[in-house]
Amino acid sequence: MSGTEGFETERFEGADGAGGLEGADGADGAEGLDGADGLDGAEGTAGTGETAGTERHDEPEGTNRADRAEGPDRAKGADGTQGTGGSGGPGSNSGSNSGSGSGVGGPGRAPRVPPPRVSVEDSGRPLPDLGPLPLVLEHRVLKSLLGAWALAACSPEETAAVEEHLGDCGPCAEEALRLRDAVGLLHPAESLDLDPALRTRVLEVCLDRRPPRIPVPEWAAAYDAETARLDALLQDIGDAEWHAPVRLRWFDGQRPASRRTTVAGVIAHLLTVDGLVAVALGLDDPLAGTPAGPGTPTARTEAYWQAAHFPPTRSVRGPWREQSHSLVRTVSFAGGGSGKLPVPYGGFELSLRDSMLDRAFECWVHADDIADAVDYPYDPPAPRHLHTMIDLAARVLPVSLAERRRAGLAAPPRRTRHLVPAGAPGRSLRLEIEGLGGGEWLIPLDSPAATGSAAHEVAHVALDGVEFCRLAAGHVSPEEAAAGQDGDREAIRDVLLAAASLSRM
């Protein structure tokens with residue numbers, strides 16, 4: 001520490017007090033300003049022993065130690081050419097007032113070196129997410145990965161590296177396109193959903209190879225298909241969804257009506273109304289032993305709901321499905337001639353042929369209600385089955401129109417010059433149904449016994465097939481029906497209201 005002793009000796013020679021030199025000796029004895037941790041300005045001087053008559057100047061915190069102790073050249077001593085400002089006395093005052101501006105406490109001191117900045121790791125703030133570093137692969141490695149890339153078998157890092165390389169390398173980009181096209185030919189994308197027409201094609205192939213010994217009549221095929229579709233929907237729902245709320249909607253002749261029930265309640269409704277057909281065929285009545293009252297569909301449904309001690313549950317599915325199988329099996333054994341058998345509905349009756357179509361239509365409508373309640377996708381019937389349902393509604397429209405006139409809900413037919421006998425042509429409305437299962441029907445307006453005639457056409461209405469069925473089911477009001485209209489407005493309104501009046505609970 002001889003260099004340090006020399007520095008301290010020169011520094012305090014200019015001071016009058018001899019204690020400064022003694023402080024330097026004390027510094028040597030204290031192992032070279034050890035108390036000040038190196039040349040630490042004023043604090044280092046104090047650590048070696050403060051001199052008499054010397055004034056201590058504490059530096060601001062953060063001052064660089066190297067700026068305050070630069071070796072012997074900085075502390076010139078008594079000549080005062082370069083003072084340190086670390087001690088009092090004439091020598092130090094002369095140094096601090098000199099023009100060099102290097103004194104620590106003087107007005108012209110050198111700019112202080114700022115302390116090092118705090119690292120972001122020590123600040124407690126989240127580090128920036130730079131993401132994984134991209135792979136750097138050679139050209140031959142990237143080229144060997146093209147096959148795996150085409151098969152989507154690369155890792156995300158490899159995929160990013162290959163796709164970045166394809167933007168810069170033309171030969172590899174062409175090779176990648178050829179490989180991707182080859183993969184598409186070898187393994188075309190396939191949907192996991194079954195083809196909706198698969199069941200029909202399989203049945204047709206089977207029936208072509210071996211015709212059924214007892215075929216299902218064509219007029220009962222729609223009921224067979226719709227009950228099977230509804231049963232497939234019921235198999236897919238859980239126990240809790242059987243209690244999902246469902247609102248049955250219909251048109252009571254003057255205004256919309258509705259009834260709140262559950263999914264199980266809808267199946268019970270179908271069970272009781274299908275029972276009308278079962279009774280006509282000599283099968284068991286699901287309401288046996290229950291005071292059903294008048295044999296209307298609404299009365300039978302209400303009687304079944306009230307007779308149950310608890311609300312219907314999924315247990316109702318078994319009796320309903322067994323009854324539907326029995327109906328199809330019975331009409332198949334009875335043959336096509338049984339289609340004329342009457343089926344009473346309380347206030348009216350239908351032939352067995354039309355009754356099976358009516359039951360197929362209602363099964364589809366209520367299956368769609370259930371599908372909406374449980375958020376299940378459900379498609380309309382097959383076009384050939386939809387056509388037979390629309391045909392039934394078109395044939396029953398003149399009867400519905402006549403009943404509304406007898407009830408005073410529709411305008412009476414206009415008087416004509418000549419009476420229209422039964423079977424003779426009269427004023428007609430052309431009903432055009434668009435889409436799959438559609439067609440054209442001429443609806444007689446003056447009498448159910450009259451026949452439709454293009455020569456006597458007074459109005460023309462066009463609707464979509466599914467929209468017309470929704471109108472006939474009471475799910476769309478006549479005013480909201482998206483219908484193209486031309487001709488007699490009064491006749492069009494009466495026919496649309498008569499179509500909505502076909503609905504019931």
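Heavy-atom basis, side chains included; hydrogens, waters and symmetry copies ignored. All figures in this text were calculated on a predicted structure; none of them were measured in a lab.
- Classified by interplanar angle (parallel below 30°, tilted 30° to 60°, perpendicular above 60°), the ring pair Y376/Y378 is tilted.
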>> Apply side chain to side chain contact (heavy atoms under 4.5 Å, CB included) to residues E403 and V399 and explain how you reach the verdict.
In response: CA-CA 6 Å; E403 291 178 350; V399 178; 4.0 Å; yes
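- Atoms CD1 and CD, from I492 and Q485 in turn, are 4.5 Å apart once rounded to the nearest 0.5 Å.
- Side-chain contact between P319 and P286 is absent, with no heavy atoms from C-beta onward closer than 4.5 Å.
- R359 CZ to D274 CG: the interatomic distance, rounded to the nearest 0.5 Å, is 4.5 Å.
- No more than 12 heavy atoms of other residues, nucleotides or ligands sit less than 6.0 Å from atom CG of D375.
- Within the 4.5 Å cutoff, the side chain of Y345 has heavy atoms near those of the S355 side chain.
- For W441 and H387, the gap between ring centers is short of 6.0 Å.
- Side chain to side chain, T313 and S315 meet the donor-acceptor criterion of an N or O pair below 3.5 Å.
- Heavy-atom minimum distance, A225 versus H385: CB-CE1, 3.7 Å.
- The CD1 atom of I267 sits 11.0 Å away from the CZ atom of R321 when rounded to the nearest 0.5 Å.
- Here the side chain of D285 pairs no donor or acceptor atom with the backbone of A288 at under 3.5 angstrom.
- In this structure the side chain of I214 reaches within 4.5 angstrom of the side chain of F333, judged on heavy atoms.
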>> Walk me through whether V476 and E467 qualify under side chain to side chain contact (heavy atoms under 4.5 Å, CB included).
In response: CA-CA 8 Å; V476 177; E467 188 74 5; 3.8 Å; yes
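- Looking at K340 and R353, their side chains never come closer than 4.5 Å, going by heavy atoms from C-beta outward.
- Put simply, the side chain of M356 reaches to within 4.5 Å of the side chain of V277, judged on heavy atoms.
- The closest donor-acceptor contact from the side chain of T330 to the backbone of L327 lies at 3.5 Å or more, if one exists at all.
- At most 12 non-hydrogen atoms from other residues, nucleotides or ligands lie less than 6.0 angstrom from CG of L436.
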> Could you walk me through whether R229 and D379 pass the salt bridge (Lys or Arg N to Asp or Glu O under 4.0 Å) check?
Replying inline: CA-CA 10 Å; R229 291 206 307 147; D379 296 327; 5.6 Å; no
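- Summarising the local packing, CD of E218 is surrounded by 12 or fewer heavy atoms from other residues, nucleotides or ligands at distances under 6.0 Å.
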> What do the steps show when you test E362 against L270 for side chain to side chain contact (heavy atoms under 4.5 Å, CB included), and what is the final call?
Replying inline: CA-CA 8 Å; E362 188 167 358; L270 293 176; 4.1 Å; yes
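- Under the 4.5 Å side-chain criterion, counting only non-hydrogen atoms from C-beta, L166 is in contact with L146.
- Nearest heavy-atom pair, L392 versus D358, reported as atom, atom and distance to 0.1 Å: CD2-N, 3.7 Å.
- A donor-acceptor pair under 3.5 Å links the side-chain atoms of E241 to the main chain of G238, judged by distance alone.
- What you find for P380 and V466 is that their closest heavy atoms are CG-CG2, 4.0 Å.
- Donor-acceptor pairing under 3.5 Å is recorded for the side chains of H460 and E432.
- Nearest approach of A500 to P478, heavy atoms of both residues: CB-CG, 3.9 Å.
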>> Evaluate R404 against D494 for salt bridge (Lys or Arg N to Asp or Glu O under 4.0 Å), listing each step before the verdict.
In response: CA-CA 9 Å; R404 287 182 57 82; D494 288 343; 6.0 Å; no
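- When only modelled atom types and interatomic distance are considered, S332 and R329 share no side-chain donor-acceptor pair under 3.5 Å.
- The pair R430-D486 fails the salt-bridge criterion, with no side-chain N (NZ, NE, NH1 or NH2) lying under 4.0 Å from an Asp/Glu carboxylate O.
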> Which is it for H269 and T301 under the side chain to side chain donor-acceptor pair (under 3.5 Å) test, yes or no, and what are the steps along the way?
Replying inline: CA-CA 5 Å; H269 168 61; T301 301; 2.7 Å; yes
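- A donor atom on one side chain and an acceptor atom on the other are not found under 3.5 Å apart for S428 and H456.
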> Where do L357 and Y223 land on the side chain to side chain contact (heavy atoms under 4.5 Å, CB included) test, with the steps shown first?
Replying inline: CA-CA 6 Å; L357 289 175; Y223 177 79; over 6 Å; no
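- The local environment of CG in D284 is sparse, with at most 12 non-hydrogen atoms from other residues, nucleotides or ligands closer than 6.0 Å.
- Note that CG of L497 and CD of Q254 are 10.5 Å apart. Values are rounded to the nearest 0.5 Å.
- Residue F361 holds its CZ atom at 5.0 Å from SG of C469, rounded to the nearest 0.5 Å.
- The two residues A498 and S400 have their closest heavy-atom pair at O-OG, 2.9 Å.
- Figure legend: cation-pi geometry between R300 and W305 absent, as NZ or CZ is not positioned both under 6.0 Å from the six-membered ring centre and within 45° of its axis.
- The shortest heavy-atom contact between A367 and L233 is O-CD1, 4.0 Å.
- We find the CG-SG distance between L179 and C172 to be 10.5 Å, quoted to the nearest 0.5 Å.
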> What's the verdict on side chain to side chain donor-acceptor pair (under 3.5 Å) for R504 and T298, showing C-alpha distance, side-chain angles and the deciding distance?
Replying inline: CA-CA 8 Å; R504 59 179 182 273; T298 301; over 6 Å; no
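- In this structure, the side chains of R259 and E302 come closer than 4.5 Å at one or more pairs of heavy atoms.
- Using a 4.5 Å heavy-atom cutoff, the side chains of F468 and L431 are in contact.
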>> Go through it in stages, so that I can follow the logic: the residues are E490 and R493, the test is salt bridge (Lys or Arg N to Asp or Glu O under 4.0 Å), and I'd like the CA-CA distance, side-chain angles, deciding distance and then a yes or no.
In response: CA-CA 5 Å; E490 184 179 349; R493 178 179 177 276; over 6 Å; no
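- Side-chain contact check for S258 and R247: at least one donor-acceptor pair (N or O, by modelled atom type) lies under 3.5 Å.
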